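Report on the following structure.
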Amino acid sequence: MPALGQTRSEPVLPEMKVIVTGVKDGYRPAADTALMLSSTPGYSVAAGGGVSGLPVVNGFADERLKIRIDGMELTSACANHMNAPLSYIDPQQVQRIRLIAGVTPVSMGGDSIGGSIDVQSLAPVFAQPGAGLLTQGSLAVSGRSVNNSVATSVNASAASDTLSIGYSGAATRGHSYDDGHGTTVLASMFESINQAIVLAAKGDGQQLTLRAGVQHIPYQGFPNQYMDMTDNHGQFANLAYQGTFAWGVLDARAYWQQTDHEMGFFTPERTGTMPMLTHGRNTGYALMASLPLAAGELRLGQEWHGFRLDDVWPAVPGSMMMGPRTYLNINDGRRARTVLFGELETRHDGRWTSVLGLRGEAVRMDTGAVQAYGTNMMNMADTMAAAAFNARGRKQRDTNIDASAQATYTPDAASRYDFALARKVRSPSLYERYSWGRGSMAMTMTNWFGDGNGYVGNIDLKPETAYTAAFTADWHGGGEEGWFLRVNPYYSKVDNYIDADVLAPFHPYMQMGAQGNLLQFTNHDATLYGVNLAWQLPLARSSQWGSLTASGNGAWTRGRRSDGGDLYRMMPLNAVFAVEHRLGAWSNRIETKLVARKDKVDARRLEPETGGYALVNVRSSVALGKMATLSAGVSNLFNRAHADPLGGVYLSGLKAQGGALQALPGEGRSIDVGLRLTF
């Protein structure tokens, strides 16, 4: 929310990348909100379904990142993380998304070790005092040829100077995409519908905002998983208050979100019968008081977040393996966090600013008794595992302490240096601790890595503790459209990193040419390090021909276990080189993305190596008056066939074609068009 009647400073956030995404030119590169940060160095997306990619930041992925949508903390209610947090908001509903990599201020969240992603949806709009009723809205439509997808969105609002009401809706639907050879990547189709309303009132230095919404994903294919999403219903309510007083600013929020999720099979591209039902519920509140000081600001906060999970697999009639009982994977799983934090921002002089923070979290976890499908010989491994699990004490308690120290030195108008140190802690998830099945079929149903392997949990897992040091040098000149060069090296030592050890080999889909491993989550120490680069250089500027600017970024990341071996999903060396031309209402961009060969792979997970490649993308947009914007582009202009380094393995292809496991193919050429109307 904007500050009301009082100037309020933003906390110093080293390594922060802010992207304002009103999608002004109507361009929509994909339906997945996770892809909106793709221009940020060190950021990448691990492939999933069409709207469910998993963010990766400096080698830290998925639940190692704190992801908040309008302040709500959402937890994936799926053993495959198909309903990842960012899948609950469409890109056209996003007003701002920001990434803080590595060292996150304690006020931006805990229970994470890799950074934070903060998403804000379209904010309520108010009329100017005495201006009467303000109405506005927009309509957008776009399409992509690579999967014949069509996306539409609508936003509308009406407001006085004290009351506001708004609606946003977005729907997208796509077929399975084609790779660079023109071959369909099986079971990659999807459909997603998101709707939300916002009601707000303000006056006398206070604002109250209520958001509520629903999501429906009727189907979503996952070519790198054994299962597909056959339905996903989500609802949320989010009430936020901000008040400005003589002593400072109070922010308060309470929220509720629930998901009913189904997995199975829905398409002739991958057939089968195995229903899996999951119900998840997130509830929480957050309080933060910001107290202005003579040389800065003190922020004090208290939070609570609770997550409940039930994951059951109904019996399949007539199946000897999947019956006669309901398989209880997670039975009344509970995870609750109680939080206190304090953060002090100080402006020492005209050149130095610091932020010091301390955060304490009490994490409580528990779950109920479980059961296998049956007690026959085909289920013996799971029957014995259920008995052992039920005999164990399952209640776990963690006390986690986060600490961060950040300093910014600005010696002159052309340079800035950020220094950051942090201790960050993340407790295991419910699936990491409480998934229990030991049969190969049951173990392969727990896998959010897309690697074709199977996993079992470990009640005795310890929380991950990351000690991170980062430095950012920023040299710049010429204002926002001028030149800059940013260099950001980082290093993280992680105690008790949650990785996996091999229990036994198996053959996915019983294909003798395909190899997989059954693994158990275990703690191991690890290190992650690397460097990110970003640059911009104006090339030419004139009133007749417009401006020409070169820009780009690069990233290199390594991750190693202390006992040897590379960590999973480490993006290889990559860079983007772009040239952008602007002239009046016209904007044009051509970019080349270079990705090196991936040969540093996780041997325990049998991670596939991938070849290096170069992709060329072009984009153009033009404003047609004040009400319309037309955009067009071509992704992968030369239709380069390539494998996604973070895509895992092509399981739906293995089931249909047999043979050996291959890396998931990337998208081929796509012609993308979009039109946006505002009124």
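Along the sequence shown, residues carry numbers from 1. The shown structure was predicted, so the numbers you read here are calculated from the model rather than taken from an experiment.
Heavy atoms from other residues, nucleotides or ligands lying under 6.0 Å from CE of Met510 number 12 at most. By the 6.0 Å contact criterion, CE on Met384 is open, its count of non-hydrogen atoms from other residues, nucleotides or ligands being 12 or less. Environment of NZ in Lys593: sparse, with no more than 12 heavy atoms of neighbouring residues, nucleotides or ligands closer than 6.0 Å.
Checking side-chain atoms of Tyr327 against main-chain N and O of Ala442 turns up no donor-acceptor pair under 3.5 Å. Within the 3.5 Å criterion, the main-chain N or O of Asp499 finds no donor-acceptor partner in the side chain of Arg561. One N or O on the side chain of Asn617 and one on the backbone of Asn636 form a donor-acceptor pair closer than 3.5 Å. In this structure, the side chain of Ser652 engages the main chain of Leu186 through a donor-acceptor pair within 3.5 Å. Asn553 places no side-chain N or O within 3.5 Å of a backbone atom of Leu533 that could act as its donor or acceptor partner. A side-chain donor-acceptor contact under 3.5 Å links Arg334 to the backbone of Asp332. A donor-acceptor pair is defined here as one N or O able to donate and one able to accept, closer than 3.5 Å; such a pair exists between the side chain of Asp602 and the backbone of Arg604. Judged by distance alone, with hydrogens and angles left aside, the side-chain atoms of Arg335 form no donor-acceptor pair with the main-chain N or O of Met365 at under 3.5 Å. Counting only distance, with no hydrogens or angles, the side chain of Ser435 and the backbone of Val456 share no donor-acceptor pair below 3.5 Å. Side-chain atoms of Asn379 never come within 3.5 Å of backbone atoms of Thr383 as a donor-acceptor pair (strictly under, hydrogens ignored).
Scored by the salt bridge (charged side-chain N to carboxylate O under 4.0 Å, His left out) test, Arg394 finds no partners at all (sequence neighbours excluded). Take Arg337 and apply the salt bridge (charged side-chain N to carboxylate O under 4.0 Å, His left out) test, not counting sequence neighbours, and it matches Glu73, Asp111, Glu361. For Phe506, the ring-ring contact (aromatic ring centres under 6.0 Å, His included) test picks out no residue, with sequence neighbours left out.
Between the side chains of Asn83 and Ser76, at least one donor N or O lies within less than 3.5 Å of an accepting N or O. Side-chain contact check for Tyr529 and Thr468: no donor-acceptor pair (N or O, by modelled atom type) lies under 3.5 Å. Between the side chains of Asp311 and His279, not a single donor N or O lies within less than 3.5 Å of an accepting N or O. Arg640 and Tyr613 are not linked by any side-chain donor-acceptor pair at a separation below 3.5 angstrom, with hydrogens and angles left out of the test. Residues Asn400 and Ser427 have side chains that bring a donor and an acceptor to within less than 3.5 angstrom of each other. Side-chain atoms of Asn523 and Asn496 include no donor-acceptor pair closer than 3.5 Å.
In this structure, the side chains of Val531 and Asn488 stay at 4.5 Å or more apart for every pair of heavy atoms. Contact annotation: the side chain of Val56 never approaches that of Thr557 to less than 4.5 Å [non-hydrogen atoms, C-beta and beyond]. Taking 4.5 Å as the limit, every side-chain heavy atom of Met276 sits out of range of all side-chain heavy atoms of His261. At least one side-chain heavy atom of Thr408 sits less than 4.5 Å from a side-chain heavy atom of Arg416. Between Asn282 and His305, some side-chain heavy-atom pair lies under the 4.5 Å cut-off.
In plain terms, the two heavy atoms of Leu421 and Val103 that are nearest each other are O-CG1, 3.8 Å. Heavy-atom minimum distance, Val119 versus Leu86: CG2-CD2, 3.7 Å. When all heavy atoms are compared, the tightest approach of Arg438 to Ala381 is CB-O, 3.9 Å. Pairing each heavy atom of Pro85 with each of Ile69, the nearest pair is O-CD1, 3.2 Å. A pairwise comparison of heavy atoms in Asn58 and Ala101 identifies ND2-CB, 3.8 Å as the closest pair. When every heavy atom of Lys424 is checked against every heavy atom of Ile113, the shortest pair comes out as O-CG2, 3.5 Å.
Contact check on Arg364 versus Asp366 returns no salt bridge, with no Lys/Arg side-chain nitrogen under 4.0 Å from an Asp/Glu carboxylate oxygen. Salt-bridge formation is detected for the pair Arg558/Asp566: a Lys NZ or Arg NE/NH1/NH2 atom is positioned less than 4.0 Å from an Asp or Glu carboxylate oxygen. Between Arg569 and Glu607 there is no salt bridge, since no side-chain N of the basic residue sits under 4.0 Å from a carboxylate O of the acidic one.
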Requested in this report: Using the salt bridge (Lys or Arg N to Asp or Glu O under 4.0 Å) rule, take Arg308 and Asp310 through it: C-alpha gap first, then chi angles, then the decisive distance, then the call.
Outcome: CA-CA 7 Å; Arg308 302 293 293 267; Asp310 285 289; over 6 Å; no
Requested in this report: Check the pair Leu646 / Met571 against side-chain contact (heavy atoms from CB on, under 4.5 Å), numbers first and verdict last.
Outcome: CA-CA 7 Å; Leu646 303 185; Met571 186 69 180; 3.9 Å; yes
Query raised in the report: Yes or no on side-chain contact (heavy atoms from CB on, under 4.5 Å) for Tyr88 and Gln257, after CA distance, side-chain angles and deciding distance?
Result: CA-CA 11 Å; Tyr88 286 99; Gln257 187 269 347; 3.6 Å; yes
Requested in this report: For the pair Thr278 and Thr259, evaluate side-chain contact (heavy atoms from CB on, under 4.5 Å) and give the outcome as yes or no after the intermediate values.
Outcome: CA-CA 8 Å; Thr278 307; Thr259 298; over 6 Å; no
Query raised in the report: Could you walk me through whether Tyr497 and Asp525 pass the side-chain contact (heavy atoms from CB on, under 4.5 Å) check?
Result: CA-CA 5 Å; Tyr497 184 90; Asp525 295 343; over 6 Å; no
What side-chain donor-acceptor pairs closer than 3.5 Å can you find for residues 220-227, not counting sequence neighbours?
unit_1: Gln220; atom_1: OE1; unit_2: Gly50; atom_2: N; d: 3.1
unit_1: Gln220; atom_1: OE1; unit_2: Val51; atom_2: N; d: 2.9
unit_1: Gln220; atom_1: OE1; unit_2: Ser52; atom_2: N; d: 3.4
unit_1: Gln220; atom_1: OE1; unit_2: Ser52; atom_2: OG; d: 3.2
unit_1: Gln220; atom_1: NE2; unit_2: Ser52; atom_2: OG; d: 3.2
unit_1: Asn224; atom_1: ND2; unit_2: Ala47; atom_2: O; d: 3.0
unit_1: Asn224; atom_1: ND2; unit_2: Gly647; atom_2: O; d: 3.0
unit_1: Gln225; atom_1: NE2; unit_2: Asn447; atom_2: O; d: 3.1
unit_1: Tyr226; atom_1: OH; unit_2: Gly452; atom_2: O; d: 2.7

Give every donor-acceptor pair under 3.5 Å between a side-chain atom in residues 459-466 and any protein atom, sequence neighbours left out.
unit_1: Asp460; atom_1: OD1; unit_2: Arg392; atom_2: NH2; d: 3.0
unit_1: Glu464; atom_1: OE1; unit_2: Arg64; atom_2: NE; d: 3.2
unit_1: Glu464; atom_1: OE1; unit_2: Arg426; atom_2: NE; d: 2.9
unit_1: Glu464; atom_1: OE1; unit_2: Arg426; atom_2: NH2; d: 3.3
unit_1: Glu464; atom_1: OE2; unit_2: Arg64; atom_2: NE; d: 3.0
unit_1: Glu464; atom_1: OE2; unit_2: Arg64; atom_2: NH2; d: 2.6
unit_1: Glu464; atom_1: OE2; unit_2: Ile498; atom_2: N; d: 2.7

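The distance from the CE atom of Met36 to the CD1 atom of Ile97 is 6.0 Å, given to the nearest 0.5 Å. Summarising the geometry, atom NZ belonging to Lys655 is positioned 5.0 Å from atom OH belonging to Tyr509; distances are rounded to the nearest 0.5 Å. A distance of 12.5 Å separates OG1 of Thr75 from CZ of Arg281, quoted to the nearest 0.5 Å. Taking CG of Leu74 as the reference point, atom CZ of Phe307 lies at 10.0 Å (rounded to 0.5 Å).
Within the structure, salt bridge (charged side-chain N to carboxylate O under 4.0 Å, His left out) pairs that include any residue of residues 442-454 comprise Asp451-Arg605 (at least two apart or interchain).
By the 30° and 60° cut-offs, the orientation of the rings of Trp448 relative to His81 is parallel. Note: Phe521 and Phe449 have tilted aromatic rings, judged against thresholds of 30 and 60 degrees for the angle between ring planes.
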